[in-house]
Amino acid sequence: MQLALDLKAEIRELKRARNAVILAHNYQTGDIQDVADYVGDSLGLAYQAKATDADVIVFCGVHFMAETAKIVNPAKIVVLPDKDAGCSLEQSCPADQLAAFLETNREKNYYVIAYINCSGGVKALCDVICTSGNAVKIVNLAPADRPILFVPDANLGAWVMEQTGRKMDLWQGACYVHVEFTRDSINRIKTEYPDALVVAHPECTQAVRLLADEVCSTEKMVTYCKNAPVKDIIVVTESGMLHRLKRECPDKNLIPGPTDRCACADCRYMKMNTMEKLRNCLRDLAPRVEMDEETRQRAELPLLRMLEQSK
Ligand code: 13P
Ligand code: SF4
């Protein structure tokens with residue numbers, strides 16, 4: 001206990017000495033969320049990263065999120081606790097494969113929309129970026145006279161098609177965490193809590209989304225749970241979300257959505273970050289996010305377009 005307190009105090013002191021800001025995603029462990037300056041979804045974190053006047057951005061999330069911070073605020077030092085914190089969606093769409101696909105389909109003149117869960121190299125090939133929080137809006141603003149290619153999440157893409165009525169060609173990537181929820185696993189927990197509402201992330205499969213009362217980004221889950229007219233809410237997303245929700249909605253009974261194997265779902269990449277690694281990256285200013293300037297500049301344009309369009 002004393003050790004944990006010391007670590008927290010050490011992190012706060014290093015943060016002050018470095019003039020750093022700690023940004024944490026909703027899926028981080030509770031202790032990291034509690035020491036962060038801002039906890040939110042990918043969209044909120046991108047706005048925070050762009051607006052900060054701190055010298056150092058410590059990004060507690062996965063690599064593509066820290067890279068996004070560097071793209072929109074290149075003058076800052078951006079560090080992350082574990083540089084190997086990846087994402088299965090990012091891995092499903094390597095930049096060279098997307099470039100080859102676009103070259104082969106050049107005559108289609110695709111308007112390319114990339115979910116933010118992708119590498120800087122993929123962002124550099126796109127027209128606009130979206131997050132789960134603004135995907136419907138971004139797709140509604142796409143030019144009507146061009147076909148859309150949506151990368152890399154096929155489940156999010158399918159949900160956006162349902163919401164907008166706009167047909168899109170979908171890259172076949174998936175979040176390995178959210179596809180673990182099944183119709184059976186969610187139906188089982190619904191039987192246990194018959195009065196509960198169900199909120200699910202759009203990275204879930206359609207079979208699971210159909211069982212949800214609301215499908216939304218992690219940040220919108222906070223508003224949904226706060227305003228829900230019932231006590232029991234089944235939360236179908238990564239387990240870290242429960243910490244944020246319990247803090248914001250203390251009067252609710254928040255139940256993690258189970259998979260067929262586990263009582264809740266953890267993202268192994270998000271959970272690579274620890275308080276020790278957070279302390280170390282503040283102390284050593286490493287590992288840092290670096291990227292070549294040409295790719296960064298090309299990736300910045302679609303990101304800025306997104307920030308503008310989702311205001
Ligand atoms: P949000 O933008 O909704 O926080 O989602 C990010 C993510 O990685 C979901 O798996
Ligand atoms: Fe990527 Fe899924 Fe982990 Fe989110 S939960 S970071 S989409 S692997």
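Hydrogens, waters and symmetry mates are skipped; everything else that's a heavy atom, side chains included, is used. One-based numbering, in listed order, for ligands and for the atoms of each.
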Open item on the list: So, 4.0 Å and heavy atoms of Glu203: is ligand 2 close enough to count as a contact?
Closed with: yes

Open item on the list: I need the contact type for Asp41 against ligand 1. Using non-hydrogen atoms and a strict under-4.0 Å cut-off, is it side chain, backbone, both or neither?
Closed with: both

Open item on the list: I'd like to check which ligand 1 atoms, numbered from 1 as shown, lie under 4.0 Å from a non-hydrogen atom of Tyr27.
Closed with: 7 (C), 9 (C), 10 (O)

- [ ] Return yes or no for this condition: an N or O of Asn26 is under 3.5 Å from an N or O of ligand 1.
- [x] no

Task: 4.0 Å heavy-atom contact, His178 with ligand 1 - done: yes

Open item on the list: Is it true that Asn134 and Gln309 share a donor-acceptor pair across their side chains at a distance under 3.5 Å?
Closed with: no

TODO: Indicate if the distance from atom 1 (Fe) of ligand 2 to the nearest N, O or S atom of Cys175 falls below 2.8 Å.
DONE: no

Task: Distance-only side-chain donor-acceptor flag, Thr164 / Asn140, under 3.5 Å - done: no

Task: same_hphob_cluster(Val78, Val62) at 4.5 Å side-chain heavy-atom cutoff - done: yes

Open item on the list: So if I count the atoms of ligand 1 from 1 in the order they appear, which ones are less than 4.0 Å from some heavy atom of Ser217?
Closed with: 3 (O)

TODO: Would you please determine whether Asn117 falls within less than 4.0 Å of ligand 1 on a heavy-atom basis?
DONE: yes

TODO: Return the orientation label for the Tyr110 and Phe101 ring planes: parallel under 30°, perpendicular over 60°, tilted otherwise.
DONE: parallel

- [ ] Record the part of Cys267 in heavy-atom contact with ligand 2 below 4.0 Å; permitted values are side chain, backbone, both and neither.
- [x] side chain

Task: Distance filter under 4.0 Å to Leu89 heavy atoms, resulting ligand 2 atoms - done: 7 (S)

TODO: Run the numbers for me: atoms of ligand 2, each under 4.0 Å from some heavy atom of Asn117, listed by number.
DONE: 7 (S)

Task: Partner of Met275 by side chain to side chain contact (heavy atoms under 4.5 Å, CB included), out of Ile32, Asp34, Asn280 - done: Ile32

TODO: Go through the side-chain N and O atoms of Ser310 and Tyr47 and say whether any donor and acceptor fall under 3.5 Å apart.
DONE: yes

Open item on the list: Are more than 12 heavy atoms, taken from residues, nucleotides or ligands other than Lys271, located less than 6.0 Å from that residue's NZ atom?
Closed with: yes

- [ ] Please check if Val128 and Met65 belong to a single hydrophobic cluster, counting links between Ile, Leu, Val, Met, Phe, Trp and Tyr side chain heavy atoms closer than 4.5 Å.
- [x] yes

Task: Closest protein heavy atom to atom 10 (O) of ligand 1, given as residue, atom name and distance to 0.1 Å - done: Glu203 OE1, 2.8 Å

Open item on the list: Let me confirm one number: the CG-CG distance from Leu102 to Leu149, rounded to the nearest 0.5 Å.
Closed with: 6.0 Å

Open item on the list: Just to be sure I read this right, does ligand 1 sit under 4.0 Å from the backbone of His201, its side chain, both, or neither, counting only heavy atoms?
Closed with: side chain

Open item on the list: If I apply the N/O under 3.5 Å rule, does Thr218 come out as touching ligand 1?
Closed with: yes

TODO: Please work out which of the three classes, parallel, tilted or perpendicular, describes the rings of His178 and His201, given edges at 30° and 60°.
DONE: tilted

Task: Ser42 N/O under 3.5 Å from ligand 1 N/O - done: yes

Task: Among Asn187, Asn155, Val236, the one residue meeting side chain to side chain contact (heavy atoms under 4.5 Å, CB included) with Val208 - done: Val236

Open item on the list: Under 4.0 Å, heavy-atom basis, I'd like to know which part of His25 is in contact with ligand 1: side chain, backbone, both or neither.
Closed with: side chain

TODO: Around atom 1 (Fe) of ligand 2, find the nearest protein heavy atom and jot down its residue, atom name and distance.
DONE: Cys87 SG, 2.4 Å

Task: Within 6.0 Å of CZ in Arg166, more than 12 heavy atoms from elsewhere - done: yes

- [ ] Select one of side chain, backbone, both or neither to describe which atoms of Glu90 lie under 4.0 Å from any atom of ligand 2, heavy atoms only.
- [x] neither

Open item on the list: Which residue and atom name correspond to the protein heavy atom nearest atom 8 (S) of ligand 2, and how close is it?
Closed with: Ser88 N, 3.6 Å

